[in-house]
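One structure is given below, encoded as structure tokens.
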Amino acid sequence: MAETATTTVVKTDEPKLPFGKKERRLITDPLGDNNPITIQVLGICSALAVTTQVIPSVVISIAVIFVCAFSNVIISMLRNHIPKQVRMIVQLVVIATLVTVVEFVLKAFSYDVYKQLSVFIGLIITNCIIMGRLEAFAMANNPWRSFLDGIGNGLGYGAILVAVAILREFFGKGAIAGMQIIGPNADYLINTSESWLFGWYAPNNLFVFPPAAMFIIAVMIWIQRTYRPNLVDIS
Amino acid sequence: MDFLNLFIKAAFIENMVLAYFLGMCSYLAVSKTVKTAVGLGLAVIFVLGITMPINWLINTYLLDGGIMGMDLTFLRLILFIAVIASMVQLVEMIIEKISPSLYNSLGIFLPLITVNCAILGGSLFMVTREYNLIDSVAFGLGGGFGWFLAVIAIAAIREKIRYSNVPPGLRGLGMAFLLTGLMGIAFMSLMGIDPAALTGK
């Protein structure tokens with residue numbers, strides 16, 4: 001399914017405008033009809049486990065956008081010098097270097113988030129969406145277009161991640177990005193133990209557990225494919 | 001921790017796919033038929049079982065102050081992924097030599113193991129949880145076995161569900177996600193079981 005859905009790589013001439021219509025599509029496509037998660041089904045691996053809360057998901061999204069964009073640029077610049085047989089290793093080393101940079105920046109500036117994400121920062125290396133874009137796009141396009149493609153795919157990935165995280169944190173813990181909105185004591189904005197209107201509400205703990213993320217993404221895929229029947233693949 | 005305890009813990013209680021979502025990409029890509037799922041599952045067990053002890057040796061004797069007391073831990077991610085990539089290459093060559101038929105049936109999936117998060121994830125968990133050499137072998141084999149079980153289970157279910165009347169928008173991928181979620185709930189019932197406590201150690 002992943003192979004059929006990725007954008008067909010068309011080798012184009014150097015663009016006349018640095019930010020024309022084609023370039024805009026590179027950013028908007030991954031947000032909708034060519035979304036990395038719901039359509040290309042790449043990169044689900046590393047990050048779904050972090051979507052229990054909004055802040056770590058935002059951090060991971062920013063990290064993925066950064067790594068995806070810059071690895072695309074670097075590989076695109078090197079693309080004519082890399083021998084075909086060793087390209088995987090070259091790509092992995094470039095990605096691993098960028099991820100190491102991200103890891104140390106995070107360690108220095110936000111140690112709490114770093115601890116919370118633990119191994120999942122390192123796992124950005126094996127995030128298939130980054131490898132996938134390098135193979136499918138950066139190896140055949142110039143650096144500027146590759147950069148935009150990286151940004152677009154990172155954004156498309158981050159959008160799903162943050163949406164899942166908002167749903168999971170709100171229904172699971174009654175909070176969004178650490179702001180406690182609805183819950184059973186006075187720390188929350190709406191105190192369900194005293195409010196007569198929301199007395200029935202209890203946070204649904206299932207949303208904190210991993211399976212909830214699968215259900216939420218399944219529903220997202222369902223909604224998207226109901227409106228775009230051409231995206232359905234039967235397998 | 002006991003070898004068997006850690007193996008069982010890694011395979012069932014902390015299943016790579018169903019508890020941590022590791023290796024989801026290849027899990028979804030190869031689970032269309034049981035045959036390919038079995039092939040890739042075995043390869044994952046093998047690669048995890050080899051790379052975890054090698055990465056443990058590298059991490060302990062090379063990176064963690066091994067060379068003249070230098071702290072080289074910043075090279076950890078790069079070295080780990082290089083070891084994994086070269087091991088996969090090696091496995092690929094060995095399989096090609098010994099059993100060309102298996103090599104042909106695995107095809108593209110062998111190089112895919114390099115970017116299987118379960119492999120790198122295993123090595124990274126090993127570092128954060130401070131396993132020793134034997135623990136890391138147990139965790140590697142157990143984690144691989146858990147991945148193998150999960151991928152075969154989903155492949156079998158997906159083969160059956162192809163003949164069911166699923167709403168069009170959910171067909172294929174959507175259903176695979178829902179099923180994985182349900183399997184995850186089933187595996188959640190194992191959560192919190194401590195094998196060490198059961199054997200009285």
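Below, each value reflects all heavy atoms present in this structure, side chains not excepted, and no hydrogens, waters or symmetry copies.
With a threshold of 4.5 angstrom between heavy atoms, A:L206 approaches chain B through side-chain atoms but not through N, CA, C or O. Using a 4.5 Å cut-off between heavy atoms, B:A19 contacts chain A through its backbone alone, with no side-chain atom that close.
Chain B forms the most heavy-atom pairs under 4.5 Å with one residue out of A:A218, A:A96, A:P211, and that residue is A:P211. Of all the listed residues (B:L179, B:T33, B:T128, B:L124), the one sharing the greatest number of non-hydrogen pairs under 4.5 Å with chain A is B:L124.
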Could you please spell out the steps behind the side chain to side chain contact (heavy atoms under 4.5 Å, CB included) verdict for A:F215 and B:L182?
CA-CA 9 Å; A:F215 295 143; B:L182 289 173; 4.0 Å; yes
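A:M214 places a side-chain heavy atom less than 4.5 Å from the side chain of B:M24. In this structure, the side chains of A:I221 and B:L170 stay at 4.5 Å or more apart for every pair of heavy atoms. Residues B:N116 and A:T126 form no side-chain contact, since every pair of their non-hydrogen atoms from C-beta on lies 4.5 Å or further apart. Within the 4.5 Å cutoff, no side-chain heavy atoms of A:T100 are placed close to those of B:L75.
Distance check: A:I89 CD1 to B:I84 CD1 gives 11.5 Å after rounding to the nearest 0.5 Å. The SG atom of B:C117 sits 10.5 Å away from the CD1 atom of A:I125 when rounded to the nearest 0.5 Å. Note that CD of A:Q91 and CD1 of B:I81 are 12.0 Å apart. Values are rounded to the nearest 0.5 Å. Atom CD1 of residue B:I78 and atom CD1 of residue A:I95 lie 11.5 Å apart, to the nearest 0.5 angstrom.
Under a cut-off of 6.0 angstrom, the local environment of CZ in A:F170 is crowded, with over 12 non-hydrogen atoms contributed by other residues, nucleotides or ligands. Other residues, nucleotides and ligands contribute over 12 non-hydrogen atoms within 6.0 Å of the CZ atom of B:F187. Applying the 6.0 Å contact sphere to CH2 of B:W56 captures more than 12 heavy atoms from other residues, nucleotides or ligands.
The shortest heavy-atom contact between B:L77 and A:G122 is CD2-CA, 3.7 Å. The two residues B:Y20 and A:F120 come nearest to each other via the heavy atoms O-CE2, 4.3 Å.
If you run side chain to side chain contact (heavy atoms under 4.5 Å, CB included) between B:L120 and each of A:L92, A:L123, A:I124, only A:L123 comes through.
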